[in-house]
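Since the model is a prediction, treat every value here as computed from it, not as a measurement. Note: hydrogens, waters and symmetry copies are ignored here, and every other heavy atom, side chains too, is used. Counting convention: from 1, in listed order, for ligands and their atoms alike.
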Amino acid sequence: METKCPVDARCAAEISAMLTPPSPLQLQEYFEEIISERKCHGIEVKQDGNLSKGVYATMELKEGELILKDKILVGLQHVPNKLDCLVCGYCFQFIESVEYQIGRKLYLQSLGVPSCNGCDEGECSSSSSNNKACLPEGVIEALMNGELVLPYSDKFPLPSTVPCPGGCQEAYYCSKSCAQTDWESSHSLLCTGERSESVSIEALSKFIQHATETNDIFLLAAKTIAFTILRYRKLKVANADRSELSLLLEAWKPISMGYKRRWWECISFPDDVDRSDDTPFRMQIQQLAFKSLQLLKAAIFDEECEPLFSLEIYGNIIGMFELNNLDLVVASPVEDYFLYIDDLPDPEKEKAEKIARQLLDALGDDYSICCQGTAFYPLQSCMNHSCCPNAHAFKRDEDRDGQAAIITLKPILKGEEVTVSYIDEDLPFEDRQALLSDYGFKCRCNACLEQDPNKK
Ligand SMILES: C[S@@+](CC[C@H](N)C(=O)[O-])C[C@H]1O[C@@H](n2cnc3c(N)ncnc32)[C@H](O)[C@@H]1O
């Protein structure tokens with residue numbers, strides 16, 4: 001049976017206003033501001049005749065050019081990945097020191113905490129299953145408390161850790177400014193520490209537990225809702241005379257720009273479920289979202305922002321993450337450190353390897369895992385797919401935080417659309433179309449038109 005949410009009926013008019021796509025003018029103004037803020041050159045966001053937006057070149061672009069670095073609007077490090085990498089909770093750069101990152105991982109391994117082999121999207125492996133060498137006593141502690149400094153680690157400096165100002169001991173930052181910005185943008189409502197501004201820390205913990213056990217996309221949806229509520233409160237202080245709805249729509253504007261559909265309607269159908277179970281599967285997903293929403297409501301409800309707690313809005317927020325294919329990946333300095341040692345000339349290498357080799361053996365195959373998560377990038381999420389793309393997301397050596405970098409793959413003419421591939425474009429035609437059907441469209445790029453067996 002379809003899940004009914006009372007807020008959907010009570011706030012129908014507000015929800016409809018929130019889900020109405022922005023007008024071409026609103027869209028143009030919003031993205032012009034973002035493009036100028038990000039100091040990007042040579043691109044614009046435009047709608048086509050069907051009101052679907054895309055990114056277009058406003059000048060000739062050369063091959064290999066960085067065309068945009070996009071900041072995260074809301075982002076999240078995957079929960080299992082938190083055990084492998086300690087990163088800033090706002091900008092997602094690695095923090096503390098190479099020694100601490102290694103020591104922390106070894107310490108968690110020694111407690112039997114499973115490691116998530118994130119970069120390969122592999123399965124979580126239990127550390128005890130690998131044949132890892134033991135280290136002399138006290139090495140792990142010395143790595144973590146700074147007593148053991150590894151040779152050449154000064155070539156890979158990391159910012160020291162700043163704890164969450166709310167005292168939750170779960171979020172850490174690279175600077176006071178990242179801590180403050182995250183606090184003001186969403187964390188003050190989602191913090192479980194003593195300074196939390198949530199309605200109930202107990203309810204919040206229940207919501208977090210449910211999301212951790214089911215799908216951490218709910219944590220990202222909660223961040224989006226907290227972000228909108230906090231923007232609403234700030235706007236209200238500065239514009240006391242404006243109506244609640246106009247303030248809510250203004251607060252919601254950055255999210256309103258993202259392409260959305262209801263999560264239970266657009267979620268990829270799992271391979272291991274019988275196709276005839278499509279309807280029950282989608283109803284189950286809707287029920288799961290409703291359960292999560294009720295837990296979140298008990299934790300951070302704000303009456304003036306009630307439409308944000310409707311299943312319709314919650315489903316559309318999660319669907320936005322589902323359809324926008326925006327992985328958050330940050331390379332680990334631990335990997336760079338070991339590669340650096342390996343590249344040293346002798347006799348420096350021989351000396352440095354004495355300790356490096358022992359650490360590598362103790363860490364095992366998963367010695368270095370990148371930071372992995374999901375994020376919403378306002379500009380990158382406007383890019384359409386092509387199986388013969390002219391740009392791609394590519395992190396250069398200097399890209400050490402969660403920002404997305406888009407680089408051209410070939411020269412792009414003025415007025416041409418800038419496209420990326422959402423999938424592995426080297427797959428055969430049928431496999432590509434099957435994967436793209438999860439995004440709700442049939443690709444008609446030149447490669448697909450050429451390879452379509454049914455082409456006339
Ligand atoms: C990340 S958004 C891209 C921006 C989107 N066109 C918009 O209006 O916001 C992904 C969605 O755009 C549409 N899309 C992307 N590439 C497409 C393509 N090659 N052909 C048709 N639709 C496409 C699909 O609806 C997809 O779910």
Parallel, tilted or perpendicular for F338 and Y367, by the 30°/60° rule?
perpendicular
Please confirm whether S386 comes within less than 3.5 Å of ligand 1 when only nitrogen or oxygen atoms on both sides are compared.
no
Under 4.0 Å between heavy atoms, the region of Q47 that gets near ligand 1 turns out to be neither
Could you name the option among R444, K260, K53, H385 that has the heavy atom nearest to atom 8 (O) of ligand 1?
K53
Basic-acidic side-chain contact under 4.0 Å: D336, R400
yes
What atoms of ligand 1 come closer than 4.0 angstrom to any heavy atom of S52?
6 (N), 8 (O)
What orientation do F441 and Y439 show, parallel under 30°, tilted 30 to 60°, or perpendicular over 60°?
tilted
Please list, in number order, the atoms of ligand 1 under 4.0 Å from a heavy atom of C382.
4 (C)
Only counting residues at least two apart or in another chain, list the ones meeting side chain to side chain donor-acceptor pair (under 3.5 Å) with E250.
none
Does a side-chain N-to-carboxylate-O contact under 4.0 Å join D48 and K53?
no
Logged contact type for S381 with ligand 1, heavy-atom cut-off 4.0 Å, is backbone
Which option wins on minimum heavy-atom distance to atom 10 (C) of ligand 1: Y439, Y422, F441, Y377?
Y422
In this structure, does ligand 1 have an atom that sits under 4.0 Å from one of the heavy atoms of R261?
no
State, to 0.1 Å, how close F321 and I217 come at their nearest heavy-atom pair, and which atoms those are.
CB-CD1, 3.6 Å
Counting from 1, what ligand 1 atoms have a heavy atom of N324 closer than 4.0 Å?
1 (C), 2 (S)
May I ask you to check whether K442 has an N/O atom sitting below 3.5 Å from an N/O atom of ligand 1?
no
Cation-aromatic face contact K46/Y56, 6.0 Å, 45 degrees
yes
